[in-house]
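Following: one structure in C-alpha cells, then a few remarks.
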Number of protein chains: 2
Amino acid sequence: MTMSNTGGRRKPPTIHDVAREAGVSRGTVSRVLNGGHYVSPTAAEAVNAAIRKTGYVVNRHARSLITGRSDSIGFLLTEPQERFFEDPNFNVLLRGCTQALAAHDIPLLLMLAGTEDERRRITRYITAGHVDGVLLVSSHSGDPVAQELCEAGVPLVACGKPIGLGSKVSYVAAADRDGARDMVRYLLSLGRRRIAVVTGPLDTPGGVERLAGYREVLAEEGIEYDDRLVVSGDYSRASGEAGAERLLAQCPDLDAVFVASDLMAQGVLTALERAGRSVPQDVSVGGFDDSSAALAARPQLTTIRQPYDRISAEMVRVLLAQIGGEDPSAVILPTELIKRGSA
Amino acid sequence: MTMSNTGGRRKPPTIHDVAREAGVSRGTVSRVLNGGHYVSPTAAEAVNAAIRKTGYVVNRHARSLITGRSDSIGFLLTEPQERFFEDPNFNVLLRGCTQALAAHDIPLLLMLAGTEDERRRITRYITAGHVDGVLLVSSHSGDPVAQELCEAGVPLVACGKPIGLGSKVSYVAAADRDGARDMVRYLLSLGRRRIAVVTGPLDTPGGVERLAGYREVLAEEGIEYDDRLVVSGDYSRASGEAGAERLLAQCPDLDAVFVASDLMAQGVLTALERAGRSVPQDVSVGGFDDSSAALAARPQLTTIRQPYDRISAEMVRVLLAQIGGEDPSAVILPTELIKRGSA
DNA sequence: TTCTCTACTGTGAACGCTCACAGAAGCATG
DNA sequence: CATGCTTCTGTGAGCGTTCACAGTAGAGAA
C-alpha cells in the first residue's frame, strides 16, 4: 500500500557481503562472530576488518530463527499499575536490569500486565518463545501469569520470594527479616518502647518477613506484643497515612513507628505532623527500602537499605545462568541500616 | 555444551501445522493471519479453529526476516540517568507508551544511553534495523544519538520539541508557554507582584518556553522584569532547593515562586520552610507537570498539568504513522491549571 | 459453447543466519 | 609411505515466515 521507510534506509550488509569482502566463506564469518574457535588468526583479522569496513551488524531475526533463542529478556510487572507510578524502587530495579542486560548485549522488553487481557496476551507472547526468560516483579501471591510461565518451563527470576510457585523458581531478595530486626533493635536502642509497625501486604513474603523480624526482636527483649500497635498497608503513601491515623487512634502512647516501606513512611510522617507529633522528638520513624522517597521525606528517613543495584544485577545473572541450563537458585542479599533524621 | 531449557519447553506449532490441521495451505493461513483478504469464509473459519486448537502463535523472527520490519519499537532515554530515577514523569510516559504499543501488539524495548559506550551500542542496534522506530526522551540540545538516527532515516518521535534536529523530526509536546502564562496570571490574580521563577535548563525548549511565558505576562501587565528574580535549575529536587536559596538571598521580598517542574518545587518548598516562610500565606508556589511529586509535596502543589497520558498516546500514534510512510508531524497538547494548596 | 473476469488457493523462492558435515592441509607417528 | 590427529575452511540444508506468481473454479457475458 504505502511506501515504507520514507527516510530512505538502505539495505544493511549481510554476512555474505562480509564474507566476500574478507575473502572467506559465510561459515568462517559466522565462527568469528560466535566465539571465534577454530578460526585462524589471519582469517579472523580479515573478517574483523571487513566487518568494520562494511559496518555489518548481525541480523538477530535470522539468527533467532535458527537458534531458537530470541536473545532478549522480558521485564514483567504484574503489580497494579499505580504502584509502578508511585514507587521509586521500580525505577531503580528497571534501570539496573536494563544495564546489566546491556552488558550482555541483550535487549529488555518491558511488559505491563495490568488487565486480564494484557495478562493473556503477554503470557502467549512469552510462552511462544519470543523472550528467552523473564524478570518478574510481582510479590503478590498466586500470580496466575507467573504460575503459567513456570509450568511452561520459561526461565524465570522473581524479585522477592514468590509465594505458591513451589521451590523450583529462582528469586533474588533482600534479607527482609534481618533488616527489620536491625531497625527494631535500633529503635529500642533509642529508648523507644511503644514501637508500632505499619506492615506491607501480608500476602507477600516481604510483608510477612518484616513483621516477623519485628516480633522476634520484641520477644527476645521481653516486650509484650500488642496487636493494636500493628496495622498493615499496601506499600502506597496513602496507606501509610491511613495506617498511622489508625495507630494514633488505637495507641496514642506510641513512641516509634517502624514502617515497611519508605513511601508508606512518607504518609506516616504526614499523619504524625497533622497530629502534632514531632519527628524524631516525640516519635521515631523508621522506613524500609532506602528509595528516593527516603531523601524526599521531611525529615529524611532513617531506613533499611535494600541493595537494589545488586538485586538487579543478581537477577540478571541468575536468569542468564538458568537460560544456560543451570538449576534455579535463590539469592538473599544483606540489608543495611541507614541513619538519618527521622529516628 | 550444556543442555538448554531445563524446564522442557516443547517446539511450538508452526504455520505448517496449522495448515495441515485446517486442511489448507500455508499461504491461506498466512492470509488469514495478515488481514484476511481474498480468503473464503469457510477457509478462514477452519484456519481460526486450527489456530485455537494448536495454540499457534506466529514466529515473529521468521516474519521479520522476510518483511524487514521488526514489529518492535525502542524507547530511548538519553537523559542523565539520575533524572530517570527521580522524575516521576518518566514513569508515566514509559507506561503510557508501553500500553499504547501493546494495543498494537508491538513490544517496547527499553534503551538507556547513559555512557558513551552505550550510546554507540544503541545507535548501531537501532540503525541496523532491529527496531522500526524510536520514541525519544531527550530534551537536551545537540543530542548526538538523535542526530545520527535522524540522518540514518530512522522513524523518530521526540517527547518535547528537540533542538537542532531540523524541522523534519516529529515531536509531541505540551503547550509550555501557554501553561507558564496561565500560572503566572493565576499568581498575579492572587495579588502577588514579586514573582520569582526557577526555570528548567535553558538549553531545552521546555525551559526556554516556560520562562518566555513568564516574561510575556509580566510585560503585558506592565511589571518590570527583574533578573534577580530568575534562577535556573535542572529539573532535580536538589536544584530547586538551591535555586530557592539563591532567590531568597537575592530578593527577600519575593511573594511567589513559579517553578518549572514539580520536583524542583518540592525543593523550593523545603528551602522556604527552612527560611521560615509559610506557604501559601507568605509565599505562593506554583509548579509544573502535575506529576506525583505534586501530590507528595506538603502543601500539595498548585501546578500546570501536562497531559502525559495523551502525550504518550500521541507519540505512539505519530510514530506508527511515520513508520507507515507518512510525513513527520508536530503535535502540541494543551495544559491545564490545577489548583491545590501551595498557591 | 467459449471467453473473460473475479474470488480464491497452492507452491516455490527467498529472507540471513547457524549448524552439521565433509573435506583439505599440516604435522607427527607407526 | 600410509595413517591418524588436529586445525581450519567451505557448502548445503533448513529455521518459519511472506510474497509473487501461477493456477483453479465458478459466474456472467458474448
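Every heavy atom of this structure was used, including side-chain atoms; hydrogens, water molecules and symmetry mates were not. Reminder, nothing fancy here: chain letters follow the sequence lines and each chain counts from 1.
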Subject >> salt_bridge(B:Asp105, A:Arg124) N-O dist < 4.0 Å >> reply: no
**OP:** State plainly whether the residues B:Arg121 and B:Glu118 are in salt-bridge range, i.e. N to O under 4.0 Å.
**Re:** no
Original post:
Can you find a heavy atom in the side chain of B:Asn89 that is under 4.5 Å from one in the side chain of B:Tyr308?
Top reply: yes
Original post:
Is the shortest heavy-atom distance from the side chain of A:Ile106 to the side chain of A:Leu320 under 4.5 Å?
Top reply: yes
**OP:** Could you say whether B:Ile66 or B:Pro41 is positioned toward the 5' end of DNA chain C, judged by the nucleotide with the nearest heavy atom to each?
**Re:** B:Pro41
**OP:** Would you kindly compare B:Val24 and B:Ala62 by the position of their nearest DNA chain C nucleotide and give the one closer to the 5′ end?
**Re:** B:Val24
Subject >> Any side-chain donor near an acceptor of the partner, B:Gln322 and B:Ser170, under 3.5 Å >> reply: yes
Original post:
Between B:Thr54 and B:Asp17, does any side-chain donor sit less than 3.5 Å from a side-chain acceptor?
Top reply: no
Original post:
A:Ser25 side chain: which of D:dT18, D:dG10, D:dC8 is closest?
Top reply: D:dG10
Original post:
Is any side-chain N or O of B:Ser30 closer than 4.0 Å to OP1 or OP2 of D:dT17?
Top reply: no
Original post:
Would you say A:Ser64 reaches D:dC15's phosphate, i.e. side-chain N/O to OP1/OP2 under 4.0 Å?
Top reply: no
If I take atom [atom1] in residue [X] and atom [atom2] in nucleotide [N], what distance separates them, rounded to the nearest angstrom?
X	N	atom1	atom2	value
B:His61	D:dG14	NE2	C1'	17 Å
B:Arg20	D:dG16	CZ	P	12 Å
A:Tyr38	D:dT6	OH	C1'	7 Å
B:Asn59	D:dG14	CG	P	18 Å
B:Asn34	D:dT17	CG	C1'	9 Å

**OP:** Scan A:Arg26 against the nucleic acid and name what it touches under 4.0 Å (heavy atoms): base, sugar-phosphate only, or nothing.
**Re:** base
**OP:** Please state whether the rings of A:His61 and B:His130 are parallel, tilted or perpendicular, taking 30° and 60° as the class boundaries.
**Re:** perpendicular
Extract from the structure each pairing of a protein N or O with an N or O of nucleotides 21-28 of chain D at less than 3.5 Å, listing the distance.
none

Original post:
Can you tell me how far the NZ atom of B:Lys168 sits from the OG atom of B:Ser329, to the nearest 0.5 Å?
Top reply: 15.0 Å
Original post:
Taking only residues two or more places apart in sequence, or in another chain, which ones meet B:Ala321 in a side-chain contact (heavy atoms from CB on, under 4.5 Å)?
Top reply: B:Glu326
Subject >> Nucleotide range of DNA chain C lying under 4.0 Å from chain A heavy atoms >> reply: C:dG16 to C:dT18
